[in-house]
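Throughout, a chain's letter reflects where its sequence line sits, starting with A, and its residues are numbered from 1. Being a predicted model, the structure only gives us computed values, none of them experimental. Worth knowing before you read on, the calculation uses all heavy atoms, side chains too, and leaves out hydrogens, waters and symmetry mates.
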There are 2 protein chains.
Amino acid sequence: MSVGIRHDDLRRRNRAMVISAVRRAGHPSRTEIAATTGLSHSTISAISSDLIQEGILAESRGSETVSLKRGRPQVGLSLNPEAAAVLALVLSLNFLSVAVIDYAGQVVAEEQRRLDTLTMSRDELIGECVAIVRRRLEDPDLDVQSVARIALAIQGITDSHARAMLWSPITPQTNIAFADILEDEFGIPATMENDCNMMAVALRWRDPDRYRDDFIAILLSHGIGMGLVLKGELFTGTHSSGGEFGHMIHRPGGALCRCGRRGCVEAYAGNYAIWRNARQLSENAEPVADVSDADMRALAARARETDGPEREAYRKAGEALGFGLGSLFALIDPAPVAMVGASAAAFDLIEPALREAIAQTAGGQHSGSISFDTEPNELPLIREGCAMRALSFVDQEIFAPGVQARGGSAGKNVA
Amino acid sequence: MSVGIRHDDLRRRNRAMVISAVRRAGHPSRTEIAATTGLSHSTISAISSDLIQEGILAESRGSETVSLKRGRPQVGLSLNPEAAAVLALVLSLNFLSVAVIDYAGQVVAEEQRRLDTLTMSRDELIGECVAIVRRRLEDPDLDVQSVARIALAIQGITDSHARAMLWSPITPQTNIAFADILEDEFGIPATMENDCNMMAVALRWRDPDRYRDDFIAILLSHGIGMGLVLKGELFTGTHSSGGEFGHMIHRPGGALCRCGRRGCVEAYAGNYAIWRNARQLSENAEPVADVSDADMRALAARARETDGPEREAYRKAGEALGFGLGSLFALIDPAPVAMVGASAAAFDLIEPALREAIAQTAGGQHSGSISFDTEPNELPLIREGCAMRALSFVDQEIFAPGVQARGGSAGKNVA
DNA sequence: CTTTATTTTTTCGAGCCTCGAAAAAATACT
DNA sequence: AGTATTTTTTCGAGGCTCGAAAAAATAAAG
């Protein structure tokens, strides 16, 4: 049950609102903030004066303030980069990357490592993550005290409290409470995020005009993932990160999926599935562990060239994605879609069958008007999403304390 | 973008919170309200004193206050039944019903009418709705001034702003802005709701222990509908009421659905589909307009008796529902399910195949632990949901004004 | 170069709201 | 009849936002 609003919550919330207005707008003046938040000028003045004194905001006077209007010029407020820092970790197949981001959102340091995630033990996997964080924290250029948050994104299913990885295709290990492990190790609040959810968060920051309240980010990669924003909030399952679009059932009892079940969308549209179909292997053939990007590019090239099994494989992928999206649209109505990942570069091969399939579904009423965007590079997107999510936590918790406790559900407030 | 909190919003929100605490608890004392809302005793005292003076709450002293404890006895607060009244309209196949409900939630009058919705013209349909409301409002026992809300539920798709019916299986008419029509006619705020959503709302009020933050209500009837509550809020689509579970795709290109498409869940699990399969008709056979409840009961009886086409028809229905739920669970994770409607009485025939199918899907990991409840009578549930939704609007808007404007999105705040 | 107009930001008092502590009220126990 | 206990109200303190007015800072006009 929702709890009453105390008197002191008021200031906290309005402080958080001012901070988020500055983060969104870049260099808004106090007057602009008053307009977007609906609060009075006096309130904004009081709050921003506090925030400046606390070193959270800074006046960015001069600079490009070419005031053409007459009257007292506006003085822009900006985030003080030194107010805090966050770490964005991304763990994907055979790859671990970390970035240190200042409070204004600029990357100040980064590091990447190749691993063999599929064969690593539980302890090795945890050890690598802890080690890479430790190395960044030991960087003499970094004020350790200022590091206020760590966000770790992983390909796979996480719990809805953003504490643990439950299952992931990149490792046989399950149920690793990465967030708790990192918190215990470094004493810095941490969250465990799903990679596709972070893609969605990043898209929202990158292009708020296109990706605002309702949109879908689909990762076309070895597996199929999805990040979903509905009514302005990141969608998650009741217990896990949810949104396992790739494991909706396309054909009951159909092709063998990497997850061991049959007929999932991914069993037709994941890289391994396209590969399997292009090679004309049986639908029951064991999914291969990895297909290189180069191999997939070659496959796509051949599909574009001749009408052979490669083209048919992409057609089947499109069909599976189309019927899957159709079922999804039956539930949530159509929304803009971003296709992310290496195979998004082959979306030209996928789109015709996808649209044809979608037209046969409940979501197909407006199938013509559904727009697809492609973005072949998922990694920067995931990292950016992680960073923004961690920063939003800092905004809300550290600098406007008491609104939420530690951790925070993965569901509320798209970072 | 979310707007700042004004100083006067505080009182409004806390007033609304007190009212909703009373509605939920029945006869809570001021002390109990303070405990559940987290507000101080003095605040609750002040707010409830206001509300009593305004005739919204009343002290229900004496009655069954058998105080066993010593000390000053608690004095229970209750809703003043005369504070307001609402109308709950339910429009379903060939049937229109209305109930007048007082502010405390008691039905004070009702009326029902048989119609021939499938053949009625647009104006006739609207006319019947307006007429039945007018008759209730002209009832001399009713104080017209006190009627604060009308909620109309319909089987079919409504828009996400709760203004209009977009499409419905009970009539060939489309896009009727019932909410606006009723508001214009009577000058009373009205909303247009989806029937299955109202079922979910009602379940939440009836059994908050079982149906709290996440659950699914599925209507097994001529068609298949769903009401979904996620994270304590009624789930709706981005543009429409959404949640069209019945039109998720079970088998691409499969059986002919009433909606004209192929392979929808409903095309296997709706009454007409069970009927069609039991008669061993082609999957392409045109769906019949209606199957009587008696005929369905006879079908179920035969299915229980002998292992013939009737039993197979129910098996197919279970399979379709199972794979559909499996896909849904891939997105939202498993949650308690209530099976509502006449065919819920035949759930014993459906369940085995349903569980078998679900076990083959991503949601199947915990398939054993997913619990199904059945409730054969949907109509009282829909009416109750409508009533509670309308009353909640009154709570929030009329008696705690300014929090939201008129209408209200269908998505927020499960009534 | 001074004055005026314009726009942004700060200051200040008024009005609410919630809270904690103490008082008042109402009952059971001794 | 007095005491203990629990609920409810009262009252002053402290905070917050708001509107109006003042102050600040600049462009345009004379």
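For the pair A:D213 and A:V229, the minimum side-chain heavy-atom distance is 4.5 Å or more.
Not counting sequence neighbours, A:R72 has no partner by the side-chain contact (heavy atoms from CB on, under 4.5 Å) test. Applying the salt bridge (charged side-chain N to carboxylate O under 4.0 Å, His left out) rule to A:D184 yields no partners; only residues at least two apart in sequence or on another chain are considered.
Taking atom CZ of B:R6 as the reference point, atom P of C:dC17 lies 15 Å away to the nearest angstrom. In this entry the distance linking CD of A:Q74 with C1' of C:dT10 reads 16 Å, nearest Å. Going from atom CZ of B:R70 over to atom C1' of D:dT8 covers 19 Å, rounded to whole Å. Taking atom CG of residue A:D8 and atom P of nucleotide D:dT17, one finds them 11 Å apart after rounding to whole Å. Atom CG of A:L10 and atom P of C:dC16 are 16 Å apart (whole Å). Here D:dG15 presents its C1' atom at 13 Å from CG of A:N14, a figure rounded to the nearest Å. A:I5 has its CD1 atom 11 Å from the P atom of C:dC19, to the nearest Å. C:dT8 atom C1' lies 13 Å from atom CD1 of A:I33, rounded to whole Å.
For C:dT10, one of the phosphate oxygens OP1 or OP2 lies less than 4.0 angstrom from a side-chain nitrogen or oxygen of A:R30. For the pair A:T31 and C:dT9, the criterion of a side-chain N or O lying under 4.0 Å from OP1 or OP2 is met. Between A:S29 and C:dT8 there is no side-chain polar atom (N or O) within less than 4.0 angstrom of OP1 or OP2. In this structure, B:R72 does not reach the D:dT5 phosphate: none of its side-chain N or O atoms is under 4.0 Å from OP1 or OP2.
Between B:H239 and B:H161, the ring center distance fails the sub-6.0 Å criterion.
Checked by atom type, the side-chain pair B:K231/A:T238 shows no donor-acceptor distance below 3.5 Å.
In terms of position on DNA chain C, the residue among A:S42 and B:S42 whose nearest nucleotide sits closer to the 5' end is A:S42. Each of A:H7 and A:H41 has a nearest nucleotide on DNA chain D; the 5'-most of these lies closest to A:H7.
Of all nucleotides listed (D:dC16, C:dT27, D:dC18), D:dC18 comes nearest to the side chain of A:S40.
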